[in-house]
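Notes follow the structure.
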Number of protein chains: 2
Amino acid sequence: MEKRATIKDVAEAAGVGVATVSRVLSGGSASPQTRERVLAVAAQLDYRPSALGRNLRQRRTGGMGLLVPDLTDTFYGQLAEGVLACARSAGEPVVLGSTGDDPEQEADLIGMLLEQSVDRLIAVPSGDSDTWTPAVRAGMTVVFADRLPAMAGTETGPAAAGVNDLLRMDGLPAAATPPRPPDVPSVLADDRAGIRTAVRYLRGLGHRRIAFLGGPGHDRRVAAFREAVGAPVDEELVVFGTGSRDSAYAAASGLFQSRPDLSAVVAGGNVLGEAAVLAARELDLRVPRDVSLIMYDDVPWAELCAPPLTVIAQPGRDMGYRAAELVLRSGTRRPRGIVLPTELIIRGSCGPHR
Amino acid sequence: MEKRATIKDVAEAAGVGVATVSRVLSGGSASPQTRERVLAVAAQLDYRPSALGRNLRQRRTGGMGLLVPDLTDTFYGQLAEGVLACARSAGEPVVLGSTGDDPEQEADLIGMLLEQSVDRLIAVPSGDSDTWTPAVRAGMTVVFADRLPAMAGTETGPAAAGVNDLLRMDGLPAAATPPRPPDVPSVLADDRAGIRTAVRYLRGLGHRRIAFLGGPGHDRRVAAFREAVGAPVDEELVVFGTGSRDSAYAAASGLFQSRPDLSAVVAGGNVLGEAAVLAARELDLRVPRDVSLIMYDDVPWAELCAPPLTVIAQPGRDMGYRAAELVLRSGTRRPRGIVLPTELIIRGSCGPHR
DNA sequence: ATGAAAGCGCTAACAG
DNA sequence: CTGTTAGCGCTTTCAT
C-alpha cells in the first residue's frame, strides 16, 4: 500500500506549478513542451488525479445516483445495466440504492446521496412528489425512469408546492398518438399504448372479463387499463400486490379464486406475471386454455414458460441508457421527458375465449 | 437550490468553534450543555455534514465498491441486493460497476474506483490475479464473492507475485467435509459439495453420460464436476459459453447436437440453464424424458418452467450481505474466507435414465 | 472541555 | 503561457 502521487508531486517532478499540471490534465492551454513533459512525468509517476480533491473543490460529486425498487426484478436489472453502460462510457461512477418500493427507504437513500453531494440522480420513484421535493430543492438534477412519483395531496384540492406542478401530465385525453412526454425529465415507456394494445388483442380473442394485476407504481398502467376496457370497470378485477413476490402471489391467487369467471389477466410487471403463472398452476388453471395471460416486461424467462408468455416488451436497457444520457447532459439542455415505445410480443399464453 | 449549511455555520450559530461541532457530531467529548446546544442548532439549520470534506480529510471515501458481471443475471441481482441491504443498514454508499465478465472493463472499473478513493471493494472477479494485484497493492480491501480470480501464469511454473499466493487453495484433496475456506477474504458457495450432490443424484437416477455446461468463472465448478464424475472424463461433454446469453445458447445447442447420447446436463449457472432449456426445446428434446437437467442457482423462474427445474441453490442474497459485512469489518479483524452451503432442490427436471 | 490552526488534493481566479 | 494563492468542508493535533 504505497501512497499515491499527488498533483504536487507531479508539479515538482516536472518543474512546473500545480496549476499547470491541472490545466494540462484537464485540457487547458499549455505549451506543447510543457504539456508533453507534464504528461510524461504524470505517466511515469502513475499519477491518478484524486476525485476527492476535485469534488470538494467543485462542491459536487461527479457521477450519478441510481435508485431502483429491487434488483432481483429482471426489468430493473436491465435498466441498471443501461445506466451503467452509459456511465462507464462517460467514466463516471454510479452510486446505487435499492428502495424496496418503500418511500421511507427511498427518502433515506436520497438523504445519503445528498450527504455525498451526488447531484445527479436517476430514480424509479416509490414515494410521491413530497418525497422528491427535498431532492429537487437541494438542487439535484433528477431524471425519473419507468414511472413518475404520484402527486401528493391530490385529493385535497390544489396540489402542494414542490415538484407537483412539474408532474402535471396531460390528463389522458382521448387517445392521441404519439404520446406527449411529460414536462419532467424522465424516460418512460408508452404504457398507455402498451396496455391498450394488449387489451385490444385480448378483446379480439373474445375476452370480456379481463383482470389487471398491478404492483406499486403501476398507476399509469391501471389508468390505461381502465381506459382501454371502457366504462363500467369491474373493480373486483383490478387488484394490487405490494411489490414483494409473496404479496404478488397472494394477490394473483386471491383474484383467481374470487373471480373464477375471469378469462384473461394483464400483469403489470414481470414479478406479477410470475405470480400469476404460479397461482394459476396451483389452482389448476391452464394457460391459455382456462385463462389467458399477458405480462408487462419481456424478460428472458418469458420464453421458457410453458407456454411461452405473451408480453408487452419495454426496452429496459435503453430506458436506463437514455436516462443516464439525460442526467449527464443536464447542464447543456433542459432535459424533457422521453417516451419509448412498447411492443406486444405474441407468444403462447393467450387463446380464444371459450 | 439553496446552499447547505456548513459546519462553520453551525459553529457560529451555536457560538462555539468548528472543532466542537465536529466532536459533538461524531460522539466526542463535550459538556452536556454545549452538546445540546450544538445539536439543536444543527437540527434547526438542517445541517448535514458533507461527506466530501470528511473524505478528503481522511483521504478515503466511505462505503464500498461492488463489481458484478451482469445485473441481468438474477443471481447477481440477489447478490447485489444483499450487499445493498447491509450497506444501507450501515448508512454507507455503494458504487456499482458491471464488468460484463470482461477483464478489461473490470480493470477500468477498478481504476475508476481507485480514482474515487473507494478503498473497499466487493467483487465477482472476471480477470485473473494479475488484474487484481493493482487494487490490492493500492491498499484496497477486497472481498471476492461467488468466485476467486484465476491464478495468473499458472502454467509457467511458480506463480508470479501478487495476490497469487493468497489464492492458493487446498488442492481439492479427497473429499473432506466441511470444506476449508480459502485464505483470501471471500464469500463463496460450497460449489464442490453442490456439484457432487447433483452428480450423485444424477448417477443414482442411472445417468452415465452427464455433461457440464459452464460459463466464465466456473472453473471451481468444472473441477468439482470432473472430480465427481471420476476418472475418464469425456471432454466433449464439458463445454463453455462466454457469458452472453447467445453464446450460452450456442454452447448448449452445440452440445446437444454433437452428443445426442448424453442423458443429463448440469448447467453451471442460471443463464446457462436458461440456454439449455431453450436449446433442448428447439431440438425437440424433452425434459426430463430425453434429457435431465440440473441448474446452478435457484431463481424465481426455475419454478415456472415446465417441468420446474431441479436446482443447486446457493444463497445469493446472503452471500452479498456477508461479503458486505466482511468488507466493512475489515478494520477490526483480518477477514478470512467464508463458505456457504448449497442445497439440491429437487423439482421436476430430472428423471431416470432410459 | 474547547478553540485555533493546519492541512487533505484539487481548481479557479489573479498576477506576472 | 504559467506560477502563486486562496479556499472547498471537514477532522485532528495542540494549546489553552
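Order of the sequence lines sets the chain letters (A, B, ...), proteins ahead of strands, with each chain counted from 1.
Of the candidate nucleotides D/dT12, D/dT2, D/dC8, D/dC8 has the atom nearest to the side chain of A/Arg59.
Using a 4.0 Å cut-off between charged side-chain N and carboxylate O, B/Asp70 and A/Arg317 make no salt bridge. Salt bridge status for B/Arg4 with A/Asp119: absent, with no side-chain N to carboxylate O gap under 4.0 Å.
For the residue pair A/Ser98/B/Glu81, the side-chain donor-acceptor check at 3.5 Å is satisfied.
Each of B/Thr20, B/Val21, B/Leu25 was compared with B/Arg23 under the side-chain contact (heavy atoms from CB on, under 4.5 Å) criterion, and only B/Thr20 meets it.
Along DNA chain C, read 5' to 3', the first and last nucleotides having any atom under 4.0 Å from a heavy atom of chain A are C/dG9 to C/dA13.
Between A/Pro216 and A/Ser126, every side-chain heavy-atom pair lies at or beyond the 4.5 Å cut-off. Taking the side chain as every heavy atom from C-beta outward, B/Cys86 and B/Leu328 approach each other to under 4.5 Å.
For the pair B/Lys8 NZ and D/dG7 P, the computed distance is 9 Å after rounding to whole Å. In this structure, the CZ atom of B/Arg54 is 15 Å from the C1' atom of D/dC8, given to the nearest Å. Whole-Å rounding puts the B/Ile7 CD1 to D/dG7 C1' distance at 16 Å. Between A/Leu25 atom CG and D/dT2 atom P the separation is 14 Å, expressed in whole Å.
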Contact list (N/O, under 3.5 angstrom) for nucleotides 3-6 of chain D vs protein:
unit_1	atom_1	unit_2	atom_2	d
D/dG3	OP2	A/Gly17	N	2.9
D/dG3	OP2	A/Thr20	OG1	2.5
D/dG3	N7	A/Arg23	NH2	3.4
D/dG3	O6	A/Arg23	NH2	2.3

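Here B/Ser22 does not reach the OP1 or OP2 of D/dC10: none of its side-chain N or O atoms lies under 4.0 Å away.
In this structure, B/Leu56 reaches the bases: a heavy-atom distance under 4.0 Å links it to at least one base atom across the strands shown.
In the displayed structure, A/Glu104 atom CD is contacted under 6.0 Å by at most 12 heavy atoms of other residues, nucleotides or ligands.
Applying the salt bridge (charged side-chain N to carboxylate O under 4.0 Å, His left out) test to B/Arg88 and every residue at least two apart in sequence or in another chain returns nothing.
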